[in-house]
**Student:** 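My questions all concern the structure below.
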2 protein chains.
Amino acid sequence: MINQTNYEEIANRIKLLAHPERLRILDLLRQEPQCVCHLEAWLGKPQPYISQQLRLLREAGIIRDEKDGLNVFYRLVDAEIIAWLELILGVPMERITPIIICPCPKCEITKFLIDK
Amino acid sequence: MINQTNYEEIANRIKLLAHPERLRILDLLRQEPQCVCHLEAWLGKPQPYISQQLRLLREAGIIRDEKDGLNVFYRLVDAEIIAWLELILGVPMERITPIIICPCPKCEITKFLIDK
DNA sequence: AATCTATATGCGACTTTTTGAATATAGCTT
DNA sequence: AAGCTATATTCAAAAAGTCGCATATAGATT
């Protein structure tokens, strides 16, 4: 049993996960930090759309942005949310199979690893 | 990693918890089945409001109604949701302290237990 | 059978969320 | 410095969700 305020706060945090694209973004992020262009490629949605969802998550403090030149990488930083995701989505996969060619430096590295 | 359809289905289930009053109802239900009038008293909201929230949960199949004369008791029947609630809200309490007098038979029993 | 009681349903106004589109910005690159 | 590139912001329309209120229903009780 919790007090009234807490149900509201918790519900607000749950709301962040209650959206298919945000859920997918979070699922990708828990594997490793991802750059926006990569998320864009994976979700197949326009870039501003991705950035808007990222903003919601960022402003709620569950992800953090790390700039690297032109690219921005997002990282999951909320332990509680990570635990929720693990229960809801299962154990995250080791690494995404990079089927989409992405111009960001990280993906270049990934591509390199595959070519080998 | 899950397919597109699943993120949507899962998000829809999460949405059911992403609401303070529904979350509170579910928290009450996981202790033991509760009759509508009891929920009404606990939440301090009008009865049609409670019934509307219950309908959402019922139609999603996460609670089930059991009629007992004029009263209707609701029971949590979705094991996955129960697990989510346990992680999100913590371990449920043994029994609600019945501070509100409720006319349903169940509450009469509870009152009896307290008077003893 | 008429009434009462607990619960359910339907409907509409209001609010919030979602999403697309245009535009802005910040930092490379030339 | 001018342009390019990745990302962010803003704004508005559309869609979805919330919630109050009036009313319906089903099963007891008289």
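Note that these values count all heavy atoms, side chains included, but never hydrogens, waters or copies made by symmetry. Just so it is clear, the model here is predicted, and its values are computed rather than measured. Each chain gets a letter, A, B and so on, in the order its sequence line appears, and its residues count up from 1.
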**Student:** Can you name the one residue among A/L23, A/L43, A/L76 that meets side chain to side chain contact (heavy atoms under 4.5 Å, CB included) with A/L28?
**Tutor:**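 By the side chain to side chain contact (heavy atoms under 4.5 Å, CB included) criterion, A/L28 pairs with just one of A/L23, A/L43, A/L76: A/L43.
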
**Student:** Look at the side chain of A/R22 and the backbone N and O of A/K15, then say whether any donor-acceptor pair between them is shorter than 3.5 Å.
**Tutor:**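 Here the side-chain-to-backbone pair exists.
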
**Student:** Any salt bridge linking A/D78 with A/R13? Criterion: basic side-chain nitrogen under 4.0 Å from a carboxylate oxygen.
**Tutor:**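 Between A/R13 and A/D78 there is a salt bridge, with a charged N closer than 4.0 Å to a carboxylate O.
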
**Student:** Please report the distance, rounded to the nearest Å, between CG in B/L70 and P in C/dC4.
**Tutor:**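 Going from B/L70 (CG) to C/dC4 (P), I get 14 Å.
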
**Student:** Distance check, rounded to the nearest 0.5 Å: A/Q52 atom CD versus A/L57 atom CG?
**Tutor:**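 Spacing of CD (A/Q52) from CG (A/L57) equals 12.0 Å.
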
**Student:** In whole Å, I'd like the distance from the CD atom of B/Q53 to the C1' atom of C/dT7.
**Tutor:**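 After rounding, the reported distance stands at 15 Å.
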
**Student:** Between atom NZ in B/K45 and atom C1' in D/dG20, what is the gap in whole Å?
**Tutor:**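 Those two atoms, NZ and C1', are 11 Å apart.
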
**Student:** How many Å lie between NE2 on B/H38 and P on C/dT7, as a whole number?
**Tutor:**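 From B/H38 NE2 to C/dT7 P: 12 Å.
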
**Student:** Which letter, B, S or -, goes with each nucleotide of nucleotides 8-17 of chain D from 5' to 3', with contact meaning a protein heavy atom under 4.0 Å?
**Tutor:** BBBB-----S

**Student:** When you match A/F73 and B/D68 each to their closest nucleotide on DNA chain D, which lands nearer the 5' end?
**Tutor:**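 Per heavy-atom nearest nucleotide, the more 5' residue is A/F73.
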
**Student:** Whole Å only: how far is the CG atom of B/L39 from the P atom of C/dA8?
**Tutor:**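 Atom-to-atom, B/L39 to C/dA8, this comes out as 10 Å.
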
**Student:** Could you go step by step and tell me if B/Y74 and B/R58 meet the side chain to side chain donor-acceptor pair (under 3.5 Å) rule?
**Tutor:** CA-CA 9 Å; B/Y74 278 93; B/R58 172 165 33 84; 3.2 Å; yes

**Student:** What is the distance from CD of A/Q34 to P of D/dA6, rounded to the nearest Å?
**Tutor:**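 So the CD-P distance, A/Q34 to D/dA6, works out to 17 Å.
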
**Student:** With salt bridge (charged side-chain N to carboxylate O under 4.0 Å, His left out) as the test, would you mind laying out the steps for A/E66 and A/R75 before giving the verdict?
**Tutor:** CA-CA 8 Å; A/E66 289 163 13; A/R75 168 193 300 279; 2.7 Å; yes

**Student:** Could you state the CG-P distance from B/N71 to C/dC4, rounded to the nearest angstrom?
**Tutor:**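 Roughly 19 Å, once rounded to whole Å.
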
